[in-house]
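Before any comments, here is the structure.
Per chain, numbering begins at 1; letters A, B, ... match sequence-line order. Just the heavy atoms: all of them, side chains too, but no hydrogens, waters or symmetry mates, feed the values below.
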Amino acid sequence: MAEKILMKGNEAIGEAAVVAGCRHYFGYPITPQSELIEYMAKRMPQVNGVFLQAESEVAAINMVYGAAGAGARVMTSSSSPGISLKQEGISYIAGAELPCVIVNMARGGPGLGSIQPGQCDYFQATKGGGHGDYNNIVLVPNSVQELVDCTVLAFELADKYRNPVMILGDGALGQMMEPVAFPDKAAEAPAKPWATTGLKGRKEPNVINSLHIQAPDLEKHNYHLQMKYKTIKQNERRWEEYRTEDAELVLVAYGITARVVQSAVDMARAVGLKVGLFRPITAWPFPYEELGRLAKTAKGFMAVELSAGQMVEDVRLSVVGSKPVYFYGRTGGMICTPKEVFGIVKKIMLGEEEK
Amino acid sequence: MAEKILMKGNEAIGEAAVVAGCRHYFGYPITPQSELIEYMAKRMPQVNGVFLQAESEVAAINMVYGAAGAGARVMTSSSSPGISLKQEGISYIAGAELPCVIVNMARGGPGLGSIQPGQCDYFQATKGGGHGDYNNIVLVPNSVQELVDCTVLAFELADKYRNPVMILGDGALGQMMEPVAFPDKAAEAPAKPWATTGLKGRKEPNVINSLHIQAPDLEKHNYHLQMKYKTIKQNERRWEEYRTEDAELVLVAYGITARVVQSAVDMARAVGLKVGLFRPITAWPFPYEELGRLAKTAKGFMAVELSAGQMVEDVRLSVVGSKPVYFYGRTGGMICTPKEVFGIVKKIMLGEEEK
Amino acid sequence: MTHEIVMAGFGGQGVMLMGQLMTYAGMLENKHVSWIPSYGPEMRGGTANCSVIISDEPVGAPIVSEPTTVVAMNLPSLDKFEAALQAGGNLIINSSLIERSSKRSDVNVLLVPSNDIANELGNAKVANMVVLGTIIAATKAVSQESVLKAFAKMFAKKPELLAINEQAIKRGAALVNGK
Amino acid sequence: MTHEIVMAGFGGQGVMLMGQLMTYAGMLENKHVSWIPSYGPEMRGGTANCSVIISDEPVGAPIVSEPTTVVAMNLPSLDKFEAALQAGGNLIINSSLIERSSKRSDVNVLLVPSNDIANELGNAKVANMVVLGTIIAATKAVSQESVLKAFAKMFAKKPELLAINEQAIKRGAALVNGK
Amino acid sequence: MPKPVFNEERCKGCELCTVVCPKKIVVIANRFNSKGYRPATCSDESQCIGCMLCARTCPDVVIEIHK
Amino acid sequence: MPKPVFNEERCKGCELCTVVCPKKIVVIANRFNSKGYRPATCSDESQCIGCMLCARTCPDVVIEIHK
Amino acid sequence: MAEIAFARPESLRDVPFHYCPGCHHGIIHRLVAEVIDELKVRDRTVGVMPVGCSVLAYDYFNFDTQEAAHGRAPAVATGVKRVHPDNVVFSYQGDGDLASIGCAEIVHAAARGEKITTVFVNNAIYGMTGGQMAPTSLPDQVTTTSPYGRKVESVGMPIKVCEMLSTLDGAKYIARVAVNNPANMAKAKAAIKKAFEVQLSGLGFAIVEVLSTCPTNWGMSPLEAVGWMEKNMMPYYPLGVFKTPEGVAK
Amino acid sequence: MAEIAFARPESLRDVPFHYCPGCHHGIIHRLVAEVIDELKVRDRTVGVMPVGCSVLAYDYFNFDTQEAAHGRAPAVATGVKRVHPDNVVFSYQGDGDLASIGCAEIVHAAARGEKITTVFVNNAIYGMTGGQMAPTSLPDQVTTTSPYGRKVESVGMPIKVCEMLSTLDGAKYIARVAVNNPANMAKAKAAIKKAFEVQLSGLGFAIVEVLSTCPTNWGMSPLEAVGWMEKNMMPYYPLGVFKTPEGVAK
Ligand SMILES: Cc1ncc(C[n+]2csc(CCOP(=O)(O)OP(=O)(O)O)c2C)c(N)n1
Ligand SMILES: Cc1ncc(C[n+]2csc(CCOP(=O)(O)OP(=O)(O)O)c2C)c(N)n1
Ligand code: SF4
Ligand code: SF4
Ligand code: SF4
Ligand code: SF4
Ligand code: SF4
Ligand code: SF4
Ligand SMILES: [Mg+2]
Ligand SMILES: [Mg+2]
């Protein structure tokens, strides 16, 4: 770890990718992630990497497919509408089991929406998105330092599981500056004997593909994918807890909202309310068991999101009806304040808020 | 209702659209829905409608945006990968509150997958899909007649709520033939004073738009959307129950799978096992309360899907932990048989299957 | 009574049409019916098959996995579906192209030299109609009249075809009834 | 101790840089810091503002809603943020461009004729540095040395700029310390 | 008498109008409008020939030409 | 002596090879292969001049030319 | 009151533009509005706006509009036109919007001979998102995504949209103009008018490319920007009419 | 054993094609394989396959391949080539794939001068999905989505891809060929070879359009299909070299 420097979140992702050995970036500009593509434009040539501005998000994700299939550590980034355009490509990448990193610095939706921060692409990232049964690994960091750590981790997980990894941030994380330290390097990329490098003496051609023309073959492939996802679910759940030990109300939040909520927790604790924060760091796999375990001690849960209520479904699935689950959300690019969340907490703990 | 005729599901959708007053169709070929686009190519000119094969699914959904914004009853159709490409456009349509009908005759995924029937786009249709907080109304018919009824209904609901309506079928429903009767006509389209028809004497220009550059404005718009979705949830839940009155095990299935499950229910009843079928006809809004109510009488639930487990989450959210929820799925284009499902039912009712 | 029929053969042998005609006939008789093709990958020259259900009750699963009748127009189809046939069911074999008979003793085997009969009739294309005649005679799922009515409806624009097809159907039926 | 500062002004007045320098200085002092711009719609010529937090404890929400210090470089900024300032906080007003003073009596108001001082110094561009000097003198969130070090790091390629900016910062600080 | 009329509050001081006036009478004023721009103005209306070039050039439709 | 060798099982009876042979010795046989196609064959190998046009034309790489 | 010789056209609402000082978008908006007025079709016009700096143009024009997704304006315009063939439908698009992400849509609208008009504002950069490289950025042009200049070896030469679309039969009128001086503005307006007339005559697709400045992202004063455009863009993007319905290149 | 004068090229695996009788895809596959063999680059070739009838080509070629999403082969090929500049990378695409859904990707690969080779099989129809209209279908051609014939008033004239791409500087070699007879097959092979040589010399993008038949969806015998192609396609799509690195149109 070198000394700390002050950096914008978007740029920190870029530098972390460089540290992680990413030498291929394909993307298309969109607010609020343009600093990232711009950083890569400047940085890639300095490290003999390839920066290419694609003609569209669709082209970018398919360039990623090609480069990942050719064995590279490769990244693309965008924000909400652009990520929607990548869905077919992401489904192909998942189907062909290609490792790559996709960054979504999400903004307010739907449609053209606004360019202020949003968390309303949670469902898209963790459930739906593209067609078919597949899963992205979804990392939801909450600071510039964690953006860096998650970016490095993303490349490692992508290679480890041959799976797309999405970093789901938001405009606020992308634009804010905080001190960060970069690791010296990431885990070396593993050998990729399956990559299309040209035969180079190999006997059997390598094929990168997601087509299985016979249904039984595709079912077998899906079974293989599901087994892989199961392993990932077992091994890669990440989360953080803050003052949950004795919490009667557990707030669940991720990303920029988790910081707001953490401040709100402090405010609540200051007046003697037993409140804690459960913060998923992986949105998929979601830490269902860990959150569910808290239902033994807590009397209630509240999801706080910059959305109309998406992660709250995963909270419900964790708690399985044993305790009430509340929801508080802001949308459209609005960010809630600690005081606002504290206000809701007070109402709930006085038993006023509806479920 | 005219006399019954024998028709393929895909073509029946086309004819139902004509009956419903749809005179504009934009689409792009893909198996297994090509009979629908081909039907429209033949039929639209006969009724002075517009058929246009778009250059891509992306173009098609944006043509739909333009036509819907101009006030037309308009439809597009595709299958899984093509629907993924439409996600940005669907989010725009939802954001701009445009009525339209989108058909997904789903196939095996992910990626290029296979061309056999699938139900693995349930999440995409009901939760994620495009970016932002929005909802499609999602109809999941299970017969050619119901494809017809749902198509007509889809146009009516789209206009009523100014919302995209998706018909989520699968390759099997699209290709199968059954007798159908067509209604004489659908409810007349309401007046659309918001449509861009040219001013034609109107003072204030109409604007079709999903951009709200100020976050508070976008939040207000999202609030309005959520209120609308709440109304839809209250008014438009549709489902069907089969022998659930005294069912100890309630199977939950939709579309083609519901037919298989219904046969399995009969097999189970024949040997005295108290089994029933709960069949959602709207996947969004999902009939949570209605299914949840059955938890009072039933001892367990099992979702049966042609997927690795998607609707099962909605079943869990309905049952909220009060009863065990099992899952059985086939993927990749494979369709389960009644006997196979019956086998699972027997295992569960003898207490052998794990949750 | 529920008839669950699988009809299988090469693409081009008219298997799909056979199934559709029967389904149509069933509909004309106000029965509950369904037809579904097994549409394999979009490759050429493979085998094609369809499931037909004709029943007094509403049709559940439209894909037939345990047929009451199997129609095999070529050898691969016989190999594929012979085993699935329910005991006591009908196994209709196009003996013009399939040299072997059935290995099963618990089913009702009917050998139909359909191409030969069609050639006799002077129109090689009606081989499938010969087989259709046999099917309806063997299963009694629908009447001959209904099938002819269905044919007339489906080929309303080509009424000249009716006569030869009717002949073919009758020849196929005679193989059963004449027995 | 936690300083939560909002700095606001026209685009082009150097508000963002002011905030970044302070944040950088805080980092050099091993404090917990964050900086976040309020990036409005991509329209031109609007107002810009940033939130700076400098604290002994880890930073929670980076967006400041109840600042301990408000810096208003123009009138719309004063209008917008004056009310949010905590009682007892610092309200730093660029009096070169803002004619009114504060309506509040429960805060510490500092009027900084920054453009005038910058002009005196012979470089109109350093008005923001004058204000920065005032901020650090008023809040003591970071030391002058740290800010100068931060400046030297951020403008490592333009060392010639340091002298004039240092002067500006000192002049701004003198408004407080000299009092 | 033709006369250019400036909607000063809309002017962004871009100077495009100043270079097209054949009479060189469109100039930038030494004051600010409320948006902080120094607006264009006519230094001598009497010389205006009403050619409308200034108005046609202005990207912000600041200028009307009155006859 | 040049000689066209047909991999009959691969032949789809498309007839493209039959029209390019300068000697007109490539013809469709009156039998079926296991795929149900009537395969192409050489009616008189002795006439073959080894021009390879038949082989180059075949979309299914059915034909080898042996020297 | 004095008679007014030059005033805001009726098709332009009386609200301030959000554009940067000297940005040509404003001029081009006005020319379009003047043409709509002169053709007396305001009452049946539907404009389709892009994602780009002109995204808010729906607030400026005084007729019905739709705001399209980035690059998809030609598809949206097609949807509108096919519903109301009597409407006058146009798309207004930037170079990123039209030539990059929306490349397929414009090529196919042109190929179909879609009876719409496109106003294509080529400022050789992505304005709205802060100055990234466009497909039309010039060789060695420094942008935020070509910080070392546009390297032709790696990303190729800029696309000449008019020249490319001229190969398509359905495109009936194609012209490139500029608004760098009053004379060219007059020509630009004439071209835009012609492009709408082609639509009104039902002949097919028409497009006018307008070379434009982006002082902000080029990092210049508005006047310098005009000079840069004249010196650098005009030689690479020759002005002129590439195609007319008569087939005579004028 | 007899010496073999003509045999399957090494770059083509010894498996049967799934194509319909007489379909030209098989011939074109073989020509590509022969060229790869002759250039001795099999060991470093990566082919990118389309979604279309040739979707299974990854099973036929005897070198590394990637299967792209429909229309995106040029983007996928770009990704591969940028990772391994020493690889010989080509995309194989149908007319629906390349000229319709993948229009933006091919235009931009050409504009960038991407150092890849594209083999473009134009059979004027969507083969795989059962005979829908392609952007290259001829006027009045009956297809399943133009059951009354391609109506030019509504959907325009077919796109001439070579002509369109010729306006892009980055496209260095562009040729249209056919495999309707042995002489043209020889020319086709020479063009494909040249297109790969252009890549090997690092000059830029190269594309060869091969006019091709689809007997099945045209509803003809293979021999009739060749005749239809000669009579209808060749006049509209003239064969020839549109661009060579030397700039001489041959
Ligand atoms: C799908 C999608 N991708 C990217 C963006 C971000 N974006 C907005 S405008 C724009 C480019 C604008 O450039 P141009 O079209 O040249 O218009 P200008 O601003 O220069 O007038 C981009 C990339 C977006 N809104 N949507
Ligand atoms: C996104 C998407 N849209 C549509 C399809 C369906 N599809 C498969 S191949 C094809 C067209 C094939 O035509 P062409 O490219 O001309 O190839 P050919 O089969 O004629 O060789 C289409 C539309 C798909 N697989 N994916
Ligand atoms: S109308 Fe002509 S002469 Fe008068 S001020 Fe304008 S440009 Fe000058
Ligand atoms: S052109 Fe218009 S905006 Fe620019 S200075 Fe002149 S009047 Fe002002
Ligand atoms: S090699 Fe030439 S002569 Fe011999 S069979 Fe083939 S085409 Fe005929
Ligand atoms: S060209 Fe080939 S496939 Fe066709 S008939 Fe001749 S040998 Fe057979
Ligand atoms: S950024 Fe450029 S294009 Fe956009 S308004 Fe400013 S000058 Fe005009
Ligand atoms: S459908 Fe057409 S293109 Fe496809 S394999 Fe058959 S003949 Fe060839
Ligand atoms: Mg631009
Ligand atoms: Mg084709």
Side-chain angles (χ1 to χ4, degrees), chain A residues 58 80-81 83-85 87-88 91-96 106 108-114 116 118 120-121 123-134 209-223 226 307-310 313 316-317 319-322 330-334, chain B residues 58 80-81 83-85 87-88 91-96 106 108-114 116 118 120-121 123-134 209-223 225-226 307-310 313 316-317 320-322 330-334:
Chain A
V58 170
S80 310
I83 297 290
S84 289
L85 285 170
Q87 292 305 326
E88 188 204 24
S91 178
Y92 269 72
I93 286 172
L112 191 46
S114 77
Q116 282 84 11
C120 44
D121 300 352
F123 272 150
Q124 185 190 55
T126 60
K127 318 239 159 172
H131 58 286
D133 290 297
Y134 73 91
N209 179 35
S210 68
L211 172 68
H212 299 266
I213 206 134
Q214 301 293 349
D217 296 345
L218 182 56
E219 182 165 63
K220 209 184 292 168
H221 178 59
N222 265 302
Y223 183 77
Q226 292 300 322
S307 87
Q310 300 192 5
E313 284 201 3
R316 291 211 183 93
L317 289 169
V319 174
V320 279
S322 59
R330 297 298 301 263
T331 68
M334 301 301 287
Chain B
V58 170
S80 310
I83 297 290
S84 289
L85 285 169
Q87 292 306 325
E88 188 203 25
S91 177
Y92 269 72
I93 286 171
L112 192 45
S114 76
Q116 283 84 13
C120 45
D121 300 351
F123 272 150
Q124 186 190 55
T126 59
K127 319 241 159 170
H131 58 286
D133 289 297
Y134 73 91
N209 178 34
S210 68
L211 172 68
H212 299 266
I213 207 134
Q214 302 292 351
D217 296 344
L218 182 56
E219 183 165 62
K220 207 183 296 168
H221 179 59
N222 265 301
Y223 183 76
L225 289 178
Q226 291 299 322
S307 87
Q310 300 193 6
E313 285 201 1
R316 290 212 183 91
L317 288 168
V320 280
S322 60
R330 297 298 301 264
T331 68
M334 301 300 289

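With a 4.5 Å cut-off on non-hydrogen atoms, B:Glu313 touches chain A through its backbone and its side chain both. Of the two parts of B:Ile93, neither the backbone nor the side chain holds a non-hydrogen atom closer than 4.5 Å to a non-hydrogen atom of chain A. Neither the backbone nor the side chain of B:Ala96 has a heavy atom closer than 4.5 Å to any heavy atom of chain A. Contact of B:Ile83 with chain A is not made at all, since no heavy-atom distance falls under 4.5 Å.
Between A:Arg316 atom CZ and B:Leu317 atom CG the span is 7.0 Å, to the nearest 0.5 Å. For the atom pair NZ (A:Lys127) and CD (B:Gln124), the distance works out to 15.0 Å, reported to the nearest 0.5 Å. The distance from atom CD of A:Glu219 to atom CD of A:Gln226, rounded to the nearest 0.5 Å, is 11.0 Å. From A:Asp121, atom CG reaches atom CD of A:Gln310 across 7.5 Å, with rounding to the nearest 0.5 Å. Atom CG of A:Asn222 is separated from atom CZ of B:Arg330 by 11.5 Å, given to the nearest 0.5 angstrom.
No other option in A:Gly321, A:Ser84, A:Gly109 has as many heavy-atom pairs under 4.5 Å with chain B as A:Ser84. When A:Val320, A:Leu218, A:Asp133 are compared by the number of non-hydrogen pairs under 4.5 Å with chain B, A:Asp133 comes out ahead. For the set A:Ser210, A:Gly95, A:Gly118, the count of heavy-atom pairs under 4.5 angstrom toward chain B peaks at A:Ser210. Contacts with chain B were tallied for A:Gly333, A:Pro216, A:Ser322, A:Ala125; A:Pro216 has the most, counting heavy-atom pairs under 4.5 Å. Considering only heavy-atom pairs separated by less than 4.5 Å from chain B, the leading option among A:Gly309, A:Ser307, A:Gly108 is A:Ser307.
Under the rule for a side-chain contact (heavy atoms from CB on, under 4.5 Å), the partners of A:Ser91 that lie at least two apart in sequence or sit in another chain are A:His131, A:Tyr134, B:Pro110.
Side chain of B:Gln87 to backbone of B:Gly130: a donor-acceptor contact under 3.5 angstrom is found.
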